[in-house]
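I have placed the structure first, in the form of structure tokens, so that the comments after it can refer back to it.
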Amino acid sequence: MQRWLWLSLVIVVLDQISKQLIESSLLVYETIPVLPFFNLTLAYNEGAAFSFLSDQGGWQRWFFALVAAVVVLILTVWLARLRHERLLAVSLSLVIGGALGNLLDRLLFGHVIDFLDFYYQTYHWPAFNVADIAITLGVALMFVDAFVGRKTDP
């Protein structure tokens, strides 16, 4: 089912284009209000999700890059071994694309570029990007596939 890798490529391209558009339009932490609960805000994340380990002095860049590369490799092998599991193939391709998008940021810039800022009153969800959306959607689809996707004969 490697034919689904086109979806991974689309995610990487959309992710990188959106990040470069935002980065060329905003200064770090500059905000453009879009909706009463949503801003575009350029932020750099040197850690993982929710800025985990972002204040560790730099070693985390290579650690998270290595983790992402290993995950991409494992998921690509898994994808190659699929036969007819379309939903699982889509979910793996989304995670691969998202992981590659954020991996490119880490390798090229030393941080991940985030810019989607959702909030309620003074509470802001951590900023995220297109790659993060693809990863989240891909993992959610994996759960759907695991619980309702395939029916096997005894």
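Reckoned from all heavy atoms, side chains included, excluding hydrogens, waters and symmetry mates.
Between N45 and R106 the shortest heavy-atom distance is O-NH1, 4.2 Å. The shortest heavy-atom contact between A43 and Y29 is CB-CE2, 4.1 Å. Scanning all heavy atoms of the two residues, the minimum distance from I11 to A134 falls at CG2-CB, 3.6 Å. Closest of all the heavy-atom pairs between A65 and L107 is CB-CD2, 4.1 Å. For the residue pair G101 and D15, the shortest heavy atom distance occurs at CA-OD2, 3.3 Å.
Residues L92 and W4 fail the side-chain proximity criterion, which asks for heavy atoms closer than 4.5 Å. Residues Y44 and D114 have side chains not in contact (no heavy-atom distance under 4.5 Å, counting atoms from C-beta outward). Annotation: side chain of S91 is in contact with side chain of L88 (closest heavy-atom distance under 4.5 Å). Put simply, the side chain of L40 does not reach to within 4.5 Å of the side chain of E30, judged on heavy atoms. Contact check for E85 versus L87: no side-chain heavy atoms found under the 4.5 Å cut-off. Taking the side chain as every heavy atom from C-beta outward, L42 and L27 never approach each other to under 4.5 Å. Using a 4.5 Å heavy-atom threshold, the side chains of K19 and V130 count as separate. In this structure, L116 and D132 have side chains that are not in contact, with every pair of non-hydrogen atoms separated by 4.5 Å or more.
Here T41 contributes atom OG1 and I22 contributes atom CD1; the two are 9.0 Å apart, rounded to the nearest 0.5 Å. One finds the CD1 atom of I96 at 11.0 Å from the CD1 atom of I135 (value rounded to the nearest 0.5 Å). Note that CG of L79 is 5.0 Å distant from CG of L5, once rounded to the nearest 0.5 Å. Summarising the geometry, atom CD belonging to Q16 is positioned 7.0 Å from atom CG belonging to L108; distances are rounded to the nearest 0.5 Å. To the nearest 0.5 Å, atom CD1 of residue I32 and atom CZ of residue F38 are 10.0 Å apart. Summarising the geometry, atom CG belonging to L141 is positioned 11.0 Å from atom OG1 belonging to T136; distances are rounded to the nearest 0.5 Å.
Under the 4.5 Å side-chain heavy-atom criterion for ILVMFWY residues, no single connected hydrophobic cluster contains both L21 and V28. Residues L94 and V144 share a hydrophobic cluster, clusters being chains of Ile/Leu/Val/Met/Phe/Trp/Tyr side chains in contact below 4.5 Å. If you chain together hydrophobic residues whose side chains sit under 4.5 Å apart, V90 and V13 never meet in one group. No continuous path of hydrophobic side-chain contacts links L103 to L73 [ILVMFWY only; heavy atoms under 4.5 Å]. Residue L9 is not grouped with residue L137 when hydrophobic side chains (ILVMFWY) are merged at heavy-atom distances under 4.5 angstrom, including chains of intermediate members.
The closest donor-acceptor contact from the side chain of S93 to the backbone of S8 lies at 3.5 Å or more, if one exists at all. Checking side-chain atoms of N39 against main-chain N and O of D117 turns up no donor-acceptor pair under 3.5 Å.
Checked by atom type, the side-chain pair N129/N102 shows a donor-acceptor distance below 3.5 Å.
Using cut-offs of 30° and 60° for the angle between ring planes, the Y123 and W125 rings count as perpendicular.
Residues satisfying the side chain to side chain contact (heavy atoms under 4.5 Å, CB included) criterion with I74, sequence neighbours excluded, are V70.
Counting non-hydrogen atoms of neighbouring residues, nucleotides and ligands closer than 6.0 angstrom, the CZ atom of F118 exceeds 12 such neighbours.
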